[in-house]
Structures are given as C-alpha cells and as structure tokens.
Protein chains: 2
Amino acid sequence: MQSKADLFPSDLARLADAARALSHPARLAILQTLAARGTCVCGDVVDELPLAQATVSQHLKVLKQAGLVRGEVDGPRSCYCVDSEALREVADAFVDFLGPLLDSPPASSSDCGAGECC
Amino acid sequence: MQSKADLFPSDLARLADAARALSHPARLAILQTLAARGTCVCGDVVDELPLAQATVSQHLKVLKQAGLVRGEVDGPRSCYCVDSEALREVADAFVDFLGPLLDSPPASSSDCGAGECC
DNA sequence: ATCGCTTATCGTCGCTATACGATAGCACAG
DNA sequence: CTGTGCTATCGTATAGCGACGATAAGCGAT
C-alpha cells in the first residue's frame with residue numbers, strides 16, 4: 001500500500017500498533033490463556049483455541065512483535081508469557097489517549113452531546 | 001475469510017472490534033481532531049489530515065459503525081462528534097480486560113516475570 | 001544415531017483494509 | 001431554476017491479514 005500510516009505522529013502510530021495487536025479475538029484469548037495459566041507453553045494455547053497450530057504460532061508472533069508477550073525458546077517447548085509491564089504501558093497509553101477525549105465541556109458551546117449537533 | 005473470529009466469546013469479539021476501530025493512526029487522529037475542536041464538520045478533518053476526502057469519509061464511517069462517533073447529516077455539511085459515553089465504555093472495557101492480566105502472582109510459582117521462564 | 005514430540009517457518013488462498021479518483025446527492029445562495 | 005460547495009458512495013487497485021497444510025528445525029528419549 002502507499003501506507004499513509006507513516007504520515008502521522010509517532011505516538012499515534014504506536015498506539016495504533018498496540019490496538020492492532022489487540023484487534024483480533026484470538027489474540028485476546030491467547031493473552032487471557034497465557035495470563036490465566038501460569039503455563040506459557042504454546043501447545044496448551046493450541047489446545048485451548050479452535051485454531052490450527054500454525055495459526056496460533058503466527059498470532060503469538062504478532063503479539064511478540066508488538067511487545068505484549070515475551071517468548072523464550074526452551075528447547076522442545078517454547079515458553080511464552082505475558083509482559084505485564086508492556087501491557088501496563090499499553091493500558092496507560094489508552095487511558096492517556098482516551099481520557100482527554102472524554103472531558104467534553106459539561107454544558108458548553110459546541111458540544112453535540114445531546115442529540116442536536118453543531 | 002473463513003473468519004474463525006466468530007468462534008470466540010462475544011465479549012472478546014466486541015473488544016477486538018473496538019481495538020480494530022482504533023488500530024489506524026488516521027482514525028486516532030480523527031478522534032483527536034473531533035474532540036479538540038468542538039467543530040464536528042467533516043471538511044475540517046480533511047484539512048487537518050494528509051488524506052483525501054474520500055478516505056476520511058471512509059474512516060469516519062468505520063468509526064461511526066464502531067459506535068465511537070455519532071454523525072448527523074445536517075444538509076451540506078455533516079456533523080460528526082465523539083460519543084463520549086461509548087468511548088468511556090471502550091476505555092472501561094480495555095481496563096477490565098487488561099487489569100486482570102496484570103496482577104501476576106507477586107512472587108509465586110509459574111510466573112515468568114523476571115527473565116527465566118516456566 | 002535415530003525416533004518422536006513440539007514449535008517455527010514457508011507457500012498459498014481468499015478476504016479485508018486502505019487509498020484514491022470519479023460520480024452522485026443535497027442544501028443553500030443567487 | 002441553476003449554480004456552488006460539501007459529503008457520501010461507487011468502482012478499482014494494491015497491500016496486508018487470517019487461516020491452513022506442509023515442511024523444516026530443535027531438543028529429549030530410546
């Protein structure tokens with residue numbers, strides 16, 4: 001693509017990347033599974049999800065590239081675990097972004113809160 | 001797609017949809033612009049972004065379908081505004097999802113917090 | 001060294017997303 | 001009624017995502 005995505009502020013780009021990593025139910029389910037079981041073994045995740053092993057591996061790759069998950073190849077079975085710190089940063093980033101958008105002026109000028117607009 | 005996405009719990013699917021709506025810098029920038037200016041006019045957004053009018057309109061459509069933005073066609077100029085309530089719900093949903101993933105057992109069994117895993 | 005189990009990667013397919021120009025629709029000014 | 005300006009939609013092209021089977025790669029057990 002001509003990917004206009006690079007034309008935006010880097011903080012928006014980073015937040016968008018994080019959101020993209022979370023934009024698939026399978027990846028959310030993977031995060032939940034990893035967090036629920038201390039177990040970080042890939043096979044367990046595959047058993048838990050209605051997806052093929054290759055697909056799960058790809059989702060894990062996405063999550064790892066997004067920095068939400070850390071993985072260590074411990075021989076036959078790979079070890080995955082949620083990166084709590086990164087996840088917290090993502091949560092903060094969302095709050096920082098969404099927060100300022102919420103404080104619409106209580107009953108002021110150009111707020112279109114009710115039903116009438118502008 | 002063969003869209004395995006339907007095979008997951010609906011709450012995950014909804015959160016994933018919200019994340020998908022936020023997964024593009026242009027849409028984040030649009031939300032910021034709509035919130036910053038009380039102005040909800042589409043043309044202003046087009047001026048602010050390095051995108052064509054048609055593209056902005058499509059992004060607005062996505063945001064509207066995701067329920068993050070409300071739009072009323074007030075004749076020549078369409079009126080868009082951030083749906084604060086929906087945005088708050090999304091923020092809460094993210095917190096509800098990410099929160100439980102953060103409280104890794106302080107210093108317990110199978111946590112792979114440090115650098116060693118499983 | 002070989003087998004078996006687990007995981008990562010490759011190649012492919014179809015669908016979706018992104019982006020744009022061009023076109024159609026709509027309200028107001030004249 | 002006829003412009004004029006703004007927006008939505010259509011059509012299209014390219015790029016990327018999601019999914020899978022098949023294959024390769026790694027380590028432990030035999």
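Within every chain, numbering begins at 1; the chains are lettered A, B, ... in the order of the sequence lines, protein sequences first and strands thereafter. We use all heavy atoms of the structure for the numbers below, so side chains are in, but hydrogens, waters and symmetry mates are not.
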Give the rounded distance in Å between these two atoms: [atom1] of [X] and [atom2] of [N].
X	N	atom1	atom2	value
B/L28	C/dT18	CG	P	11 Å
A/D17	D/dG16	CG	P	13 Å
B/L34	D/dT7	CG	P	12 Å
A/E72	C/dT6	CD	C1'	17 Å
A/D44	C/dT6	CG	P	10 Å
A/F8	C/dA19	CZ	C1'	11 Å
A/D6	C/dA19	CG	P	10 Å
B/L22	C/dT18	CG	P	12 Å

Next item on the list: With sequence neighbours excluded, give me every salt bridge (charged side-chain N to carboxylate O under 4.0 Å, His left out) pair touching residues 15-32 of chain B.
Entry: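 Residue pairs passing salt bridge (charged side-chain N to carboxylate O under 4.0 Å, His left out), neighbours aside: none found.
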Notebook entry, point to check: Any salt bridge (charged side-chain N to carboxylate O under 4.0 Å, His left out) pairs touching residues 92-101 of chain B, not counting sequence neighbours?
Noted result: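 Checked against salt bridge (charged side-chain N to carboxylate O under 4.0 Å, His left out) - neighbours excluded - no pair reaches residues 92-101 of chain B.
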Notebook entry, point to check: Within a strict 4.5 Å, meaning less than it, do heavy atoms of the A/L63 and A/V82 side chains meet?
Noted result: no
Margin query: So A/F97 and A/D11, do their side chains get closer than 4.5 Å, heavy atoms only?
Written below: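 They are not in contact (no side-chain heavy atoms under 4.5 Å apart), so the answer is no.
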Item checked: Residue whose nearest DNA chain C nucleotide is more 5′ - B/P50 or A/G43 ->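 Looking at the nearest nucleotide for each, A/G43 comes out on the 5' side.
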Notebook entry, point to check: Among the nucleotides D/dG18, D/dT7, C/dC20, which one has an atom lying closest to any side-chain atom of A/H24?
Noted result: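 Nearest to the side-chain atoms of A/H24, counting from C-beta on, is D/dG18.
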Check: Counting side-chain heavy atoms from C-beta on, which of D/dC17, D/dA8, C/dA19 comes nearest to B/S78?
Finding: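 Looking only at side-chain atoms, B/S78 lies closest to D/dA8.
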Notebook entry, point to check: Do any pairs count as a ring-ring contact (aromatic ring centres under 6.0 Å, His included) and have a residue in residues 30-70 of chain B, sequence neighbours left out, and if so which ones?
Noted result: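 Residue pairs passing ring-ring contact (aromatic ring centres under 6.0 Å, His included), neighbours aside: B/H24-B/H59.
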Notebook entry, point to check: Where do A/L22 and A/L28 land on the side chain to side chain contact (heavy atoms under 4.5 Å, CB included) test, with the steps shown first?
Noted result: CA-CA 6 Å; A/L22 299 176; A/L28 297 178; 3.9 Å; yes
Check: Looking only at side-chain N and O atoms, does A/R77 come under 4.0 Å of OP1 or OP2 in D/dG28?
Finding: no
Next item on the list: Considering just the side-chain nitrogens and oxygens of A/R27, establish if one lies under 4.0 Å of OP1 or OP2 belonging to D/dG18.
Entry: yes
Note to self: Five pairs per end, C1' atoms only: what is the angle between the end axes of the helix from C/dA1-D/dT30 to C/dG30-D/dC1, to 10 degrees?
What the structure shows: 10°
Next item on the list: Not counting sequence neighbours, which residues clear side chain to side chain contact (heavy atoms under 4.5 Å, CB included) with B/E48? List them please.
Entry: B/T33, B/R37
Next item on the list: Nearest 0.5 Å please: distance from the OG atom of A/S84 over to the CD atom of A/E89.
Entry: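 That separation rounds to 11.5 Å.
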Note to self: Measuring from atom CD of B/E72 to atom SG of B/C81, what distance do you get when rounded to the nearest 0.5 angstrom?
What the structure shows: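 It is 6.5 Å, given to the nearest 0.5 Å.
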Checklist line | DNA chain C-proximal residues of residues 52-66 of chain A, any heavy atom under 4.0 Å | finding: A/Q53, A/A54, A/S57
